[in-house]
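Naming convention: chains lettered A, B, ... in sequence-line order (proteins, then strands); numbering from 1 in each chain.
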Number of protein chains: 2
Amino acid sequence: MPEESPLEARLSQHLPLTYSERDALRSLERRERLYQAGEIVVHEGEETDKLYVVASGWLHGSVQLKGGGRQVLRFYFVGDLTTTFSIAWGRSAATLTAVSATTLYELPRQAFGRLFRDHPRLGALLYGVSASEHVAMADRLTSVGRTDGITRIATLLLDIRSRLRVTDGIDGATFELPLTQQDLGDAVGLTKTHVSRSLKVLAEAGLVDRDGKIIRINDVERLSQMVDFQDRHSHVATDWLPPYGSNGAGEANGSSKPANGSNGANGDIRHQVLPAE
Amino acid sequence: MPEESPLEARLSQHLPLTYSERDALRSLERRERLYQAGEIVVHEGEETDKLYVVASGWLHGSVQLKGGGRQVLRFYFVGDLTTTFSIAWGRSAATLTAVSATTLYELPRQAFGRLFRDHPRLGALLYGVSASEHVAMADRLTSVGRTDGITRIATLLLDIRSRLRVTDGIDGATFELPLTQQDLGDAVGLTKTHVSRSLKVLAEAGLVDRDGKIIRINDVERLSQMVDFQDRHSHVATDWLPPYGSNGAGEANGSSKPANGSNGANGDIRHQVLPAE
DNA sequence: CGCTGAATTGACTTCGGTCAATTCCTGTGG
DNA sequence: CCACAGGAATTGACCGAAGTCAATTCAGCG
């Protein structure tokens, strides 16, 4: 339990956490499980009573179409909570597949629920993180709905790079992409044939270098500019979170002032706050 | 404050709420504002320190592309929380436009945050609702990325119908659609020209009748079947929510108890639980 | 060293976009 | 009550980005 927890690391990226919040996050994560590249963690429609926190590696979530197609909905990286989709039902809304060798911590839904009670501020923060992921998906929708193939692929590469960079500490522009062109296409709504052609164009334009599974984006700034890419994950606002403090004044209505004047984050001196890390 | 609140109504659709939870929700919503059809509530990029709850009418959220295009990300109906996207930043990630004449209640972000502290169970429920909306957007992504124009339009109509039905108590298959074909196209990634053609095909196939702004879906069941449509909003699981009640029983696991036993919600037996409504 | 799945490439098709001309509606003002 | 203006919808002719099909080529691997 004293180990570092990926979810803890992720959340403390946005907000200095108290010791007790950190403890709670660490103790949430249970059994660790390993998956090989390509292995399926949960099938679409399968019942699940747990979430998974990514401790290493990465994955994607996808749905199967009646007609035989497939849509890759999003990718999951270290620190991400997966299968949050399924929390709204008892069963998974998507198939979760390991893209690379992966370690996951299991997190029972019940325990996740308890977190909201025991650490409301974390609950609110999780809501905020979820909102930022929602926006990231909106960006994807925009990309797929309103831009051409080359732009979609470029945007996807930039997105994956920026996510991997945080977690894997990549230098900046080179990374391994263990996805087939079919996978890429399923993510952005293109056929594998056209993915191949689009990548070729990007390579010939000198924007991207490829060597096997290794991708290098030659000028991240410029490419981002060109396709109007925005990183939605680096920052999540926390100024609206409830003060850390003691339960409060519980009594709902009456007035809706915060219990103690201080607002924002950690308000309570008893709880030492750790540096962001 | 004693009036019915749309958010309250929405949430109690999924879970019987206690009096104090209801009170809290009612007292959250402040000034009521009216917007005419077509009016813009918030601009993309604009700073906001509030959310809006839809009390009547409907709206959509959209983003503008550099090249001049537009993507309509989603629609908002009575009881929906809007601009949750923006909670992750200080500014709105999308433009919010009234589709029909609309009443909104303003809800300051701070007050929203406090809700997580004062009523953790509602916080968790809001997370669940948000997850279901996330899935709805994933469905849209799948539709846009992987199906043809006719299917996209049909799916969109079914989606709008099923949302309106809940709130406006529509009979079942006929509703008013105050959107231009441009709007429809921006929602599903088609040009207005092709929207016109797709609607024509649907009409000629006898699947949809049109009369001005009035749409009638002739056999909802069949059309849903044809395009594999699923309503993602009617149900949200609540079995994982923390018990309303008393803090404690921190059971969790022996060790990591929250710092102070109390916290979380005011839990006492005094709070009667109301039937679903 | 051969197998197998992935990637590449070419020829051809097609769905949806573009452009532009009508037509339709609806609201407005005479 | 009617004429008219202007946006929305419809329709046709044409174009082009991406899909389909299929044949190679390539790369990793037992």
**Report entry** His60(A) and Phe75(A) aromatic ring geometry - parallel, tilted or perpendicular at 30°/60° bounds
**Finding:** perpendicular

Requested in this report: Rounded off to whole Å, could you give me the CD-to-P distance for the Gln36(B) and dG27(C) pair?
Outcome: 14 Å

Requested in this report: Return no unless some side-chain N or O of Thr191(B) is found under 4.0 Å from OP1 or OP2 of dG16(C).
Outcome: no

**Report entry** N-O pairing of Arg163(B) and Asp231(B) below 4.0 Å
**Finding:** no

Query raised in the report: Does a nitrogen or oxygen in the side chain of Ser196(A) sit under 4.0 Å from OP1 or OP2 of dT8(C)?
Result: yes

Query raised in the report: To the nearest angstrom, how far is Ile214(B) atom CD1 from dA9(D) atom P?
Result: 14 Å

Query - Check ion pair Arg232(A)-Glu133(A) (N to O, under 4.0 angstrom) - result: no

Query raised in the report: How is Gly185(B) classified with respect to the nucleic acid when contacts are heavy atoms under 4.0 Å: base, sugar-phosphate, or nothing?
Result: nothing

Query raised in the report: Is it the case that more than 12 heavy atoms not belonging to Arg222(B) sit under 6.0 Å from its CZ atom?
Result: no

Report task. Please determine, for the side chain of Arg210(B), which listed nucleotide (dG10(C), dT10(D), dA9(D)) has the closest atom? Result -> dT10(D)

Query raised in the report: Can a salt bridge be assigned to the pair Arg109(B) and Asp49(B) using a cut-off of 4.0 Å between side-chain N and carboxylate O?
Result: no

Report summary line: Taken to the nearest whole Å, NE2/His194(B) to P/dC15(D) is 19 Å

Report summary line: Per the under-4.0 Å heavy-atom filter, residues of residues 63-75 of chain B near DNA chain D come out as none

Report task. Flag the pair Lys213(A) and Glu176(A) as a salt bridge only when some basic side-chain nitrogen lies within less than 4.0 angstrom of an acidic carboxylate oxygen. Result -> no

Report task. List for me each residue that meets ring pair (Phe, Tyr, Trp, His ring centres under 6.0 Å) alongside Tyr76(B), sequence neighbours excluded, and say none if there are none. Result -> none

Requested in this report: Using a cut-off of strictly less than 4.0 Å, decide whether Lys200(A) has a side-chain nitrogen or oxygen near OP1 or OP2 of dT9(C).
Outcome: yes

Query raised in the report: Just how far, in rounded Å, is C1' of dG17(C) from NZ of Lys192(B)?
Result: 12 Å

**Report entry** Arg197(A), nearest nucleotide to its side chain (from dG12(D), dG19(D), dG16(C))
**Finding:** dG19(D)

For nucleotides 22-30 of chain D, which of its nitrogen or oxygen atoms have a protein nitrogen or oxygen under 3.5 Å away, and what is each distance?
none

Query raised in the report: Rounded to whole angstroms, how far apart are CG on Asp211(A) and C1' on dA7(C)?
Result: 14 Å

Query raised in the report: Is the closest basic N to carboxylate O distance between Lys192(A) and Asp186(A) below 4.0 Å?
Result: no

Query raised in the report: In terms of the angle between their ring planes, are Tyr35(A) and Tyr52(A) parallel, tilted or perpendicular, with boundaries placed at 30° and 60°?
Result: perpendicular

Report task. Report the residues that fulfil side-chain hydrogen bond (donor to acceptor under 3.5 Å, both in side chains) with Thr151(A), sequence neighbours left out, ordered by chain and then residue number. Result -> Asp148(A)

**Report entry** Pair Asp183(B) + Arg70(B): basic N to acidic O under 4.0 Å
**Finding:** yes

Report summary line: Expected list for residues 138-157 of chain A near DNA chain D, using heavy atoms below 4.0 Å, is Asp148(A), Gly149(A)

Query raised in the report: Where the side chain of Arg10(B) meets the backbone of Val78(B), is there a donor-acceptor pair that is under 3.5 Å apart?
Result: yes

Query raised in the report: Phosphate oxygens OP1/OP2 of dT10(D): is one of them under 4.0 Å from a side-chain N or O of Gln181(B)?
Result: yes

Query raised in the report: Rounded to whole angstrom units, what separation is found between the CD atom of Gln182(A) and the C1' atom of dA7(C)?
Result: 12 Å

Report summary line: Here the distance between atom C1' of dA6(C) and atom CG of Asp186(A), to the nearest Å, is 14 Å

Query raised in the report: Between Arg91(A) and Glu44(A), is the closest basic N to carboxylate O distance under 4.0 Å?
Result: no

Query raised in the report: When you look at CD of Gln225(A), are more than 12 heavy atoms from neighbouring residues, nucleotides or ligands closer to it than 6.0 Å?
Result: no

Query raised in the report: Do you know which of Asp159(A), Val220(A), Leu223(A) makes side-chain contact (heavy atoms from CB on, under 4.5 Å) with Phe229(A)?
Result: Asp159(A)

Report task. Could you tell me, to 10°, how much the axis swings from one end of the helix from dC1(C)-dG30(D) to dG30(C)-dC1(D) to the other, five pairs per end? Result -> 30°

Report task. Remember a base hit wins even if backbone is also touched, and classify Leu190(A) as base, sugar-phosphate or nothing at under 4.0 Å, heavy atoms. Result -> sugar-phosphate

Report task. To the nearest Å, give me how far apart CG (Leu184(A)) and P (dA18(D)) are. Result -> 15 Å

